[in-house]
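One structure below.
Here, residue 1 is the first one in the sequence, and each next residue gets the next number. Every heavy atom of this structure was used, including side-chain atoms; hydrogens, water molecules and symmetry mates were not. Keep in mind the model is a prediction, meaning the values are calculated, not measured.
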Amino acid sequence: MIAIRTHVSPSTGIGHLARTCRLAAALEKHQIESLFFIDQENSLFRDYLYPFKHTCLYQGNENFQDEESDAHRFMDSAKEYPIEAVVVDDYRFSWVWEKNAERLGCPLIVLDDRDSVHHQCSMIVDAKWTGASTSERYKDKIPENCLRLLGPEYVLLDESYTHRGKTSNSHASKNAMSIMLSLGGGGDMTIAGKLVEKLLHRAPRDIDFLVQPVIGYFATNKEVILSIAENDRRVKPINHARSLYDYLKTTTLYIGAAGGTLYEIMSMGIPAVTFALTQNQHNSLSHLEDLGHYFHLNEFGEESFDKLVKLAW
């Protein structure tokens, strides 16, 4: 059994949970069971985690205080199970948590993409591409015998993406298109609503199109998008989707946050305009160009909307 310690919140979104669920699905095909250790029970994420088993480290009004105490809670809970390895995907943790969890006596694997935190682990997996310096990431931040799996070759994608290859976008034509707009797992839908309205206002009259705003699990003010959709048939929200694959199959242009979805759209050959909403989504433009992605904004705000919409059309 593999123990997976991860976390979701309005500030971090569901990216950590999404990629560890993909890992658990791959392990399951090798008859390896996974058990998720999360902070607290939440019906929304219980459904997301299904069919994987999970347990909670905090009850009632209890919540995370610091790395060391969390590691002790984790070990007290994990020792009840036949744990053979631990996978950690949580920005709150560093070598402090990991050194305490080491006492379980099994390999510890860290998923991270920041290259700014020291780790005490057996293996680190980081899919981020930083050009020629990719091979140097974490070099002085991990034990000497730690295995580093670095670069996009190790991105955790659903099997449907890895076997599909480049899409032909056969559904796209000069007079029909589908635009997906996503702020990731969270985001203020008021901002998305303003961008949708500008897309509608600037749309050429001879194009048959659909705008699909993604309403994430932690999205706020989602009624803004729902209200626009009620009054305009060209807007069709995607609400709490566990996977975007079926929607991306008919997408001709993606506009959104440069999170994990970026690798999915690139694997399908979908044109995209991305932007950074959090610090870890900031990217060197040359590094993105190495991967074949050419339209990215590291600074994003309403002042960008008019140019962004003009570029989209």
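Sorted by first and then second residue, the salt bridge (Lys or Arg N to Asp or Glu O under 4.0 Å) pairs involving residues 216-226 (not counting sequence neighbours) form an empty list. Applying the salt bridge (Lys or Arg N to Asp or Glu O under 4.0 Å) definition to pairs two or more places apart or across chains, those involving residues 264-283 are Arg22-Glu264. For residues 4-28, the pairs satisfying ring-ring contact (aromatic ring centres under 6.0 Å, His included) are His16-Tyr91, with sequence neighbours left out.
Sparse packing is recorded around NZ of Lys99, with 12 or fewer heavy atoms of other residues, nucleotides or ligands lying under 6.0 Å away. A 6.0 Å sphere centred on CG of Asn63 holds more than 12 heavy atoms belonging to other residues, nucleotides or ligands.
Using a 4.0 Å cut-off between charged side-chain N and carboxylate O, Glu302 and Lys194 make a salt bridge. For the pair Lys139 and Glu136, the salt-bridge criterion is met [side-chain N within less than 4.0 Å of a carboxylate O].
Two residues are said to be in side-chain contact when any heavy atoms from C-beta on lie closer than 4.5 Å; Arg5 and Asp39 meet this criterion. Gln212 has its side chain out of reach of Ile179: every pair of non-hydrogen atoms, C-beta onward, lies at least 4.5 Å apart. Val211 places none of its side-chain heavy atoms less than 4.5 Å from the side chain of Lys236. For the pair Leu111 and Leu156, the minimum side-chain heavy-atom distance is below 4.5 Å. Asp126 places none of its side-chain heavy atoms less than 4.5 Å from the side chain of Leu149.
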Could you pull out all donor-acceptor pairs under 3.5 Å where a side-chain atom in residues 78-87 meets a protein atom, sequence neighbours excluded?
residue: Glu84; atom: OE2; partner: Met1; partner atom: N; Å: 2.7

Please report, to 0.1 Å, the donor-acceptor pairs under 3.5 Å made by any side chain of residues 305-313, with sequence neighbours excluded.
residue: Asp306; atom: OD1; partner: Lys198; partner atom: NZ; Å: 3.1
residue: Trp313; atom: NE1; partner: Leu199; partner atom: O; Å: 3.1

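When atom types are taken as modelled, the side chain of Tyr138 and the backbone of Asp115 share a donor-acceptor pair closer than 3.5 angstrom. For Glu102 (side chain) and Pro107 (main-chain N/O), no donor-acceptor pair under 3.5 Å exists by modelled atom type. Under the 3.5 Å distance criterion, the side-chain polar atoms of Asn283 are matched with a main-chain donor or acceptor of Gln281.
Between Tyr245 and Tyr161, the ring-plane angle classifies as perpendicular under the 30° and 60° cut-offs. Classified by interplanar angle (parallel below 30°, tilted 30° to 60°, perpendicular above 60°), the ring pair Phe64/Phe93 is tilted.
Ile124 and Ile2 fall into different hydrophobic clusters, defined by Ile, Leu, Val, Met, Phe, Trp and Tyr side-chain heavy atoms under 4.5 Å apart, directly or through other members.
Tyr50 belongs to no multi-residue hydrophobic cluster, having no ILVMFWY side-chain contact under 4.5 Å with any other such residue.
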